[in-house]
Amino acid sequence: MSKFMTPEMRRLTPYTPGEQPSGQDYIKLNTNENPFPPSEKAIRYAAEAVKLSNLYPPLNGGPLRIKLAEYLGVDTREVAVANSSDEILELIFKAFCGPASPAAFADITYGFYPVFSKLNSVPYEEVPLRPDFTLDTEKFIGIHKNLFIANPNAPTGLRINNDDIEKIAGSNRENIVVIDEAYVDFGGQTAIPLTRKHQNLIVVQTFSKSRSLAGARVGFAIANPDIIDDLYTVIYSTNPYNLSRANMFAAIGAIEDDGYTKRNCKEIIRIREMTSNALKVLGFKVLDSSANFLFVSHPKISGQELYEVLKQHGILIRHFNSSRIRDYVRITIGMEKDMKTLIKITENILQQRR
Ligand SMILES: *Cc1c(COP(=O)(O)O)cnc(C)c1O
């Protein structure tokens with residue numbers, strides 16, 4: 001650390017991303033990436049768009065914003081696009097949270113919420129999930145703080161329904177309620193239709209998971225036009241050209257090739273259920289996932305140990321060193337053959353410990 005960093009920034013604990021090894025020698029099940037490649041159309045559109053990279057990209061998401069609005073059946077003014085949903089979340093923190101506008105979120109959820117809180121000097125409350133890791137919606141009713149709810153939640157994969165979201169949004173009208181739907185296409189229910197009724201609701205989605213474009217960094221928000229205007233005020237105050245032309249057009253290609261996305265999601269859900277059943281047979285406790293990963297624990301092996309042994313065998317999964325979930329690991333759903341390898345190796349590991 002240099003002597004120049006401010007006292008506030010010195011206190012930051014940055015988000016810890018999952019490992020990104022440079023070689024291809026691991027079966028990579030640690031960062032919830034999609035095992036299927038981007039759609040051919042996304043690749044073609046991006047390659048074409050790169051040819052115009054001497055020019056700045058279109059402002060305001062350009063044709064992507066229009067395409068998304070059409071696809072989702074909302075008005076263009078109800079959509080903001082950005083360079084990843086992480087950026088959307090940061091814009092939301094900057095626009096609506098601050099030292100006098102606190103945030104609240106579950107104690108076990110996406111690790112970026114506390115990071116963005118600290119970065120922006122936002123006081124926050126961590127609301128404990130129930131012992132079974134379900135969200136205790138009662139605790140969010142009338143909490144009067146800006147809420148961040150990942151639905152389905154990460155890393156648990158559990159979800160809440162729109163009735164609960166309506167109750168939460170309706171009882172916190174003076175605060176924003178953010179529903180982070182990074183995994184919604186793997187079995188969740190989107191809250192987008194509720195954004196017209198609840199003016200404080202912001203739905204955030206990404207192209208990183210279901211649409212196989214984690215490397216392109218494209219995310220978007222749906223909310224009432226006043227909220228979207230505020231997000232664009234922050235975009236124009238930080239980085240008006242926040243989305244590269246190539247990535248903008250990759251995302252357009254992915255929307256036009258929605259059938260490809262839907263088929264892949266269906267396949268991932270099928271592989272998830274197969275993997276879940278096989279792990280249960282091996283004695284794992286498996287939470288009921290609506291996402292592209294499983295959150296599991298085993299009475300005979302700690303989370304840290306399973307992570308380490310699997311890594312020695314060439315499989316990367318994610319372990320979180322946080323007290324309530326220390327026994328658990330999060331396993332991304334990959335190709336069927338890779339999941340079968342994982343199951344086989346895990347079976348051998350467990351057999352050796354009898
Ligand atoms: C992966 C993930 C994101 C980040 O998505 P990007 O668009 O790649 O930044 C946001 N929220 C949750 C809950 C996620 O798991």
Side-chain angles (χ1 to χ4, degrees), residues 14-20 28-35 38 42 61 64 68 79-94 103 105-117 119 126 129 133 135 147-160 165 177-191 202-222 231 235 239 242-244 247-248 250-251 254-255 261 265 268 272 287 289-295 317-318 320 322 325 330-334:
Y15 176 73
T16 317
E19 296 158 90
Q20 298 290 359
K28 205 170 165 302
L29 307 176
N30 68 332
T31 51
N32 296 346
E33 287 148 322
N34 198 307
L64 173 59
L68 262 175
V79 186
V81 298
N83 178 29
S84 78
S85 64
D86 286 340
E87 186 180 62
I88 291 275
L89 292 168
E90 198 197 347
L91 296 170
I92 291 172
F93 267 94
K94 284 209 159 77
F105 33 83
D107 62 339
I108 299 162
T109 188
Y110 188 43
F112 245 123
Y113 307 150
V115 172
F116 283 142
S117 298
L119 185 62
E126 294 184 293
L129 296 179
F133 298 131
L135 192 89
L147 293 178
F148 292 81
I149 299 174
N151 190 41
N153 197 12
T156 64
L158 300 175
R159 70 180 184 95
I160 58 172
I165 291 172
V177 175
V178 177
I179 308 297
D180 181 349
E181 296 187 345
Y183 301 104
V184 72
D185 299 324
F186 301 104
Q189 176 186 27
T190 182
I202 310 177
V203 174
V204 179
Q205 289 195 15
T206 175
F207 283 75
S208 294
K209 315 284 167 49
S210 60
R211 297 180 182 89
S212 294
L213 285 174
R217 319 302 300 123
V218 185
F220 59 95
I222 308 296
L231 295 181
I235 290 176
N239 186 7
N242 60 341
L243 195 53
S244 81
N247 293 334
M248 189 183 289
I255 296 176
T261 298
C265 289
I268 288 168
R272 179 185 74 206
L287 297 201
S289 173
S290 296
N292 67 338
F293 56 82
L294 293 170
F295 199 52
I317 59 169
R318 190 90 199 255
F320 298 90
S322 128
I325 53 173
R330 190 194 70 191
I331 305 172
T332 303
I333 302 303

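Order of listing sets the numbers, starting from 1, for every ligand and every atom in it. Everything numeric in this text was worked out from a predicted model, so none of it was measured.
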*Tell me whether the centres of the aromatic rings in F105 and Y110 are closer together than 6.0 Å.*
no
*Is the F116-Y15 ring centre distance short of 6.0 angstrom?*
no
*asked:* For a 4.5 angstrom cut-off between non-hydrogen side-chain atoms, does S85 reach Q205?
replied: no
*Verify whether the ring centers belonging to F293 and F186 lie closer than 6.0 Å.*
no
*Is a donor on one side and an acceptor on the other found under 3.5 Å between the side chain of D107 and the backbone of L129?*
yes
*Rounded to the nearest 0.5 Å, what's the gap from CG on L294 to CZ on R330? Could you check?*
11.0 Å
*Which parts of the protein, at residue level, reach under 4.0 Å of ligand 1 through a heavy atom?*
S84, S85, D86, Y110, D180, A182, Y183, T206, S208, K209, R217
